[in-house]
**Q** 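Encoded as structure tokens, here's the structure I'll be asking about.
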Amino acid sequence: MDLKHSSSTAIFCLLLLFCVGCRCWPLEIEATQTATLKVDASPQLARKIPETLFGIFFEEINHAGAGGIWAELVSNRGFEAGGSNTPSNIAPWSIIGDDSSVFVATDRTSCFSRNIVALRMEVLCNDCPVGGVGVYNPGFWGMNIEDGKAYNLVMYVKSPETTDLTVSLTSSDGLQNLASAMKTVSGTSNWTKVEQKLVAKGTNRTSRLQITTNKKGVVWLDQVSLMPEDTYKGHGFRTELISMILDLKPRFLRFPGGGFVEGEWLRNAFRWRETIGPWEERPGHFGDVWHYWTDDGLGYYEFLQLAEDLGAAPIWVFNNGISHNDEVDTVAIAPFVKDVLDSLEFARGSADSTWGSVRAAMGHPEPFPVKHVAIGNEDCRKKFYHGNYLKFYNAIRQAYPDIQMISNCDGSSRLLDHPADLYDFHVYTDSKTLFNMRSTFDRISRSGPKAFVSEYAVWRSDAGRGSLLASLAEAAFLTGLEKNSDIVQMASYAPLFVNDNDQTWNPDAIVFNSWQHYGTPSYWMQTLFRESSGAMIHPINISSRYSSSLAASAITWQDSENSFLRVKVVNFGSDTVSLTISTSGLQASVNALGSTATVLTSGNVMDENSFSNPSKVAPVKSHLCNAAKQMQVTLAPHSFTTFDLALAQSKLVAEM
Ligand code: AHR
């Protein structure tokens, strides 16, 4: 490498960074509107925002988990996705060879009784084609295999006669070999667990896993797994997607879904018990609401682990005996109640309790702190909801008095006729409506259960595939939730993730494929609220002829070293605004050094991010050189701006 060239590049980059870092707010834009925003920061009017206000809702939708944050690379690893009647469809597995060289079919001979389907491969050729015959799995729209990285293959094999299997990672056409190993399987009538680490000697974003042989005979395969060695905390989560979540600093994790929990039919609903224990033994299930099979590698235990790894409170949404199309009568709900109590014992019971011991055997002797459960999802109007709800509520209250229970019935529009600690509130609407909903909770009774706004988003034409416009309305809505956080306990955007190859629900906060990802403007908007949980909120007042296009809030928050007054302002209109921010009651002076302004905007209100332009609409930070208790700033049209005023403690100020 040319050292002279590289050091001058480094100096140039440093200078560039320095200059960008020095950019001073406000930028010179001519304003057509004026407004005044008064913040009363006096301590007696400040109120603490709940520690749990902003979190995430993870649903197994859009292949968010299988083929998403769950790093398993093999799709349909147990050959169960085609159903238990054999022969069955083995997709996305495919065959290497033709009718004259290999005969591949499923049968019901697995050693795992809960997922009995296995793959039988009869090699017909004596003189097989070069490269052998066999099967390959393309993963979830291609496996991202990266140079130098290790991948752990585990598979179960049965072969009556000793045979050689070649396991390899190749390009999607099989021509580029990225890694391969030969495994000799001794002839026996028993199943054998075969393990092999494969280290890639090249990168290919759409690779496949091949299992081939040149030897005539019969081989059975089952439970074929390929996991990258490098996963978040070694717990099986895709690292770069987890870091996107971590950047939101979520205080809770609502899981494993909404519709996914309910199912179109109860027989296809999420059943926690079927998703725990050794991965090889999990039956997997077809999620009939979002129309895809999951091997349930990302099961109940893994969700609890994920919450722990994120430092987020787990919120377990369980099925209450109701799906979209069928319901369990309350007279017959008792076994479902027992099932949920077992799930809570699994999470919270001691390591020597019946279900706590299963958790301990999975590697987590300490209980998981489940303090919230949601009794179903969007089921309030269903025939047996109230009856079933009360059965679950009473049983859980008795066994776990500290668990907060969330009702599906909207307590914002009328008083609930049943006991609940929280009620669920979902809203998907157009941008104007959501912008105007910033004051919805101003009008709600201050007594009764608190709101959990567990799903909110702008959708349809205003959202595109994640527009700036959507994010502005959502930001305005969230300022309203902050202000009403005496009665709104928690809030999360939905859905969180989408695999770009299966966008069942649009829009979503984080878009990914096998190797790329980006945040939509709604994702970036949420990062500007990540300091709000646990912060102090202050009253504000906006006066302007243009105030119907503005939304704002003010908080004080602290990082590890400093305190800040953060004023957030959404300009939902198309005019530039000259805004005077004046602060009273502040117990500290404002330090321009360390004060910043961060703006989320773009040239066109319908602008979106994409794989090729992931930061087209992303927050841009600059120094707030004129930061003071009274200051004038400019708001760009269609923008969301946060002003962080660095506070110098009064004691320190007095000493200076
Ligand atoms: O977030 C997508 C879906 O919207 C959820 O599964 C459901 O709760 C709601 O209808």
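Start at 1 and go down the list; that is how both ligands and their atoms are numbered.
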**Q** Between CH2 of W459 and OG1 of T429, what distance do you get to the nearest 0.5 Å?
**A** 8.5 Å
**Q** Suppose we measure from atom 1 (O) of ligand 1 to each protein heavy atom; which comes out shortest, and what is that distance?
**A** Y428 OH, 2.7 Å
**Q** Please confirm whether W290 comes within less than 3.5 Å of ligand 1 when only nitrogen or oxygen atoms on both sides are compared.
**A**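 So ligand 1 has no N or O lying under 3.5 Å from an N or O of W290.
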**Q** Polar-atom distance check: W505 versus ligand 1, any N or O pair below 3.5 Å?
**A** no
**Q** Indicate, with yes or no, if the rings of Y300 and W316 have centres closer together than 6.0 Å.
**A**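 Yes, the ring of Y300 comes within the 6.0 Å limit of the ring of W316, centre to centre.
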**Q** Could you go step by step and tell me if Y385 and F392 meet the ring pair (Phe, Tyr, Trp, His ring centres under 6.0 Å) rule?
**A** CA-CA 10 Å; Y385 185 70; F392 284 105; 9.2 Å; no
**Q** Provide the number and element of each atom of ligand 1 under 4.0 Å from a heavy atom of G258.
**A**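 Those qualifying, in numeric order: 6 (O), 8 (O).
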**Q** Go through ligand 1 atom by atom and flag the ones less than 4.0 Å from a non-hydrogen atom of E378.
**A** 7 (C), 8 (O), 9 (C), 10 (O)
**Q** Say whether F260, considering both its backbone and side-chain N or O atoms, lies within less than 3.5 Å of an N or O atom on ligand 1.
**A**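 No; the residue has no nitrogen or oxygen that sits under 3.5 Å from a nitrogen or oxygen of the ligand.
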**Q** Could you check whether R397 makes a cation-pi contact with Y400, meaning its NZ or CZ is under 6.0 Å from the centre of the six-membered ring and within 45° of the ring axis?
**A** no
**Q** Hey, which atoms in ligand 1 end up nearer than 4.0 Å to a heavy atom of N377?
**A**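 Reading through ligand 1 atom by atom, the close ones are 7 (C), 8 (O).
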**Q** Counting the benzene-type ring for Trp, do W272 and F346 have ring centres under 6.0 Å apart?
**A**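 Ring centres of F346 and W272 closer than 6.0 Å.
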**Q** Can you tell me which residue and heavy atom of the protein come closest to atom 4 (O) of ligand 1, and the distance to 0.1 Å?
**A** E455 OE1, 3.1 Å
**Q** Measuring centre to centre across the rings, with the benzene-like ring taken for any Trp, is F255 within less than 6.0 Å of F303?
**A**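 Aromatic pair counts; centres sit under 6.0 Å.
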**Q** Can you tell me if NZ on K48 sees more than 12 non-hydrogen neighbours from other groups inside 6.0 Å?
**A** yes
**Q** Considering only protein heavy atoms, which is closest to atom 6 (O) of ligand 1, and at what distance to one decimal place?
**A** E59 OE1, 2.5 Å
